[in-house]
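Step one of this worksheet: look at the structure below.
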Amino acid sequence: MNNSKDDIQTNELNEILKVRREKLAKLRESGKDPFKITRYDPTHYSEEIIEYFDELEGEEVSIAGRIITKRVMGKASFAHVLDAKGQIQIFVQINKLGKEAYEEFKDYDIGDIIGVKGEVFKTNRGEISVRASEIVLLSKSLQPLPEKWHGLKDVDTRYRQRHLDLIVNPDIKRTFILRSKIISSMRKYLDDKGFIEVETPILHSVAGGAEARPFITHHNTLDIDLYMRIALELHLKRVIIGGFDKVYEIGRVFRNEGMSIKHNPEFTMIELYQAYADYNDIMNLTEDMIYTIAKDVLGTAVINYQGEEIDLTPPWRRLSMIDAVKEYTGIDFRSFDEDSTAREAAKNIGVEVEENATWGLVLNTIFEEKVEEKLVQPTFIKDYPIEVSPLAKRMVEDDRLTYRFELFITSRELANAYSELNDPIDQRERFLEQAKKRAQGDEEAHMMDDDFVNALEVGMPPTGGLGIGIDRLVMLLTDSYSIRDVILFPTMRPKE
RNA sequence: GACCCAUUAGCUCAGUCGGUAGAGCACUUGACUUUUAAUCAAGGGGUCCGGCGUUCGAAUCGCCGAUGGGUCACCA
């Protein structure tokens with residue numbers, strides 16, 4: 001139909017693209033349009049043929065995959081075919097395949113998808129191969145693949161055209177296979193413990209559950225702006241109020257903030273809530289779950305992250321924020337309770353804080369600047385100041401602090417959890433406090449959420465909650481340097 | 001958002017002091033029936049990221065911009 005248009009385009013293409021389009025046109029003319037084929041029946045994956053060679057030697061098999069190398073030597077040829085599980089060599093001979101089919105094969109390109117039927121054997125050089133008796137072209141590749149030897153290195157192309165990355169860089173594929181296994185192992189762990197997986201809205205009229213700037217979108221029929229969720233928290237607690245006592249959700253959240261090797265604007269979190277449990281129970285669950293996943297997926301709890309050995313075997317160190325600051329800076333926040341004294345202490349060790357920073361804010365700032373980077377092995381830091389924890393329950397022992405912990409591994413925050421604040425009057429006051437900060441220009445301060453406070457008034461049992469950044473967990477367990485290496489299609493600015 | 005670095009053939013990369021653009025792989029043609037980054041012979045292929053400027057002359061020097069990466073800031 002669009003012949004004239006195709007011709008114009010063809011003229012502008014470079015030689016490689018032109019040649020492949022001409023080959024496709026030739027195939028179509030001779031009634032062998034590969035794009036008309038709808039299915040193929042492979043009997044084996046490459047991996048199985050290699051693993052079970054002893055049983056399969058001499059047997060006829062069929063495989064399907066992409067041609068990734070090709071060596072034509074007159075009347076015989078070798079090629080490697082890449083399928084989902086690996087690659088295997090095929091041996092193609094003119095007298096086995098017939099002259100016509102052999103000539104067609106010689107025209108196939110690296111990148112084409114073929115189905116190959118043939119007998120399993122080992123070459124003189126000892127490589128397990130399939131001797132082709134029949135080859136079907138299942139799809140024509142119109143673009144050249146990146147080079148086989150050096151692969152695809154350009155990170156821009158790797159992220160924008162991840163399909164190419166997956167084809168030519170096998171290690172990347174492994175990361176995404178592990179990612180899938182990690183998430184399914186997590187689901188299994190929680191399901192076995194009686195948790196129910198639920199789904200809550202992504203479009204929120206109030207973006208709550210975290211301190212972050214949201215993305216804003218618009219619903220046409222309702223004619224209202226909506227926020228993309230920044231956390232799962234508030235709806236999940238409403239599910240707990242509704243009477244489910246163990247729930248979790250694994251899902252995408254969106255934060256309109258900076259990007260880095262640790263941050264992508266959309267990322268995946270798991271949050272779970274367990275009624276009648278406190279943050280100590282959640283610590284136990286967290287270390288047991290991550291340990292179990294590591295053993296399940298990697299077969300070991302001692303892992304290597306960027307050259308550093310990390311031991312995930314429980315129990316993990318548990319340290320209050322006050323004790324952590326004392327250990328790494330010598331400052332004992334228990335010995336004073338004046339805001340001014342705290343600010344003075346910060347100044348003495350070169351940590352800058354706001355003029356009116358409170359005792360708790362100073363404690364948190366010193367922790368972030370002086371302690372976090374030291375927490376390489378798994379460490380729970382607990383008892384966070386109330387100012388930075390608007391949804392956590394106040395400690396009975398010290399009302400400046402909350403029953404909250406964060407998990408640090410390789411100096412990175414991996415999880416955040418607390419005994420959930422279930423006092424609706426306190427919650428409303430804290431939201432009002434946050435609203436005040438918001439009015440003063442703090443775009444990350446929490447919004448007032450009347451629906452949530454109203455639900456709390458109905459009565460929420462004492463509950464422990466946990467959030468884990470799945471991408472960061474995957475980074476840790478796959479030894480990935482950047483979050484972009486564990487997200488198939490990281491957010492990129494469009495080209496041009 | 002600030003600073004630093006990168007961008008040359010489809011891919012991976014050279015390119016000296018500013019003097020008409022190079023290699024390997026990939027591609028095309030030919031030879032070759034057990035290759036292993038197959039080999040041999042011949043050939044084609046460029047918006048040197050874009051624009052402006054300096055210069056007799058710019059891939060190379062300067063300025064502006066684009067995209068990416070890194071560091072910092074903010075956050076998980």
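Just so we're on the same page: letters track the sequence lines, and every chain starts at 1.
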Rounded to whole angstrom units, what separation is found between the [atom1] atom of [X] and the [atom2] atom of [N]?
X      : N     : atom1 : atom2 : result
A/I88  : B/U36 : CD1   : P     : 18 Å
A/K106 : B/C32 : NZ    : P     : 9 Å
A/Q89  : B/U33 : CD    : C1'   : 14 Å

What is the pairing partner of [N], taking Watson-Crick or G-U wobble pairs with both distances under 3.5 Å in any strand?
N     : answer
B/U35 : none
B/C17 : none
B/C40 : B/G30

Would you say A/R71 places a side-chain N or O within less than 4.0 Å of OP1 or OP2 belonging to B/A38?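 The answer is yes; a side-chain N or O of A/R71 sits under 4.0 Å from OP1 or OP2.
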
Determine: side-chain N/O of A/K18 to OP1/OP2 of B/G10, distance under 4.0 Å, yes or no.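 No, outside the criterion.
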
Any side-chain donor paired with an acceptor under 3.5 Å for A/Y279 and A/T402?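 No pair is found: no donor N or O on one side chain lies under 3.5 Å from an acceptor on the other.
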
NA contact type, [X], heavy-atom cut-off 4.0 Å: base, sugar-phosphate, or nothing?
X      : answer
A/R131 : base
A/I94  : base
A/Y102 : nothing
A/R160 : sugar-phosphate

A/W149 on top of B/G24's base, within under 5.5 Å and under 30°?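 It does not: the ring fails the test against the base of B/G24.
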
Counting distance only, does the side-chain N/O of A/R438 pair as donor-acceptor with the main-chain N or O of A/A445 below 3.5 Å?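 The answer is yes, because a donor-acceptor pair under 3.5 Å joins these two groups.
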
Main-chain N/O of A/M475 paired to A/D485 side chain as donor or acceptor, under 3.5 Å: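 Not at all, since once roles are kept as given, no pair shorter than 3.5 Å links the two residues.
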
Distance check, [atom1] atoms only: [N] and [M], in whole angstrom units.
N     : M     : atom1 : result
B/G65 : B/U55 : P     : 23 Å
B/C27 : B/G15 : P     : 27 Å
B/G19 : B/C61 : C1'   : 15 Å

State, to 0.1 Å, how close A/R430 and A/L391 come at their nearest heavy-atom pair, and which atoms those are.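 Looking at all heavy atoms of both residues, the closest pair is NH1-N, 4.2 Å.
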
Taking the side chain of A/N124 as its heavy atoms from C-beta onward, which of B/G10, B/U33, B/U34 lies nearest to it?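 So the nucleotide nearest the side chain must be B/U34.
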
Looking only at side-chain atoms of A/D156, point me to the closest of B/C27, B/G68, B/U35.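 Of B/C27, B/G68, B/U35, B/G68 is nearest to the side chain of A/D156.
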
Mapping A/F91 and A/Y159 onto RNA chain B by nearest heavy atom, which one lands closer to the 5' end?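 Between the two, 5'-proximity favours A/F91.
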
Worked check of salt bridge (Lys or Arg N to Asp or Glu O under 4.0 Å) between A/D165 and A/R162: CA-CA 5 Å; A/D165 193 27; A/R162 183 69 89 178; 2.8 Å; yes

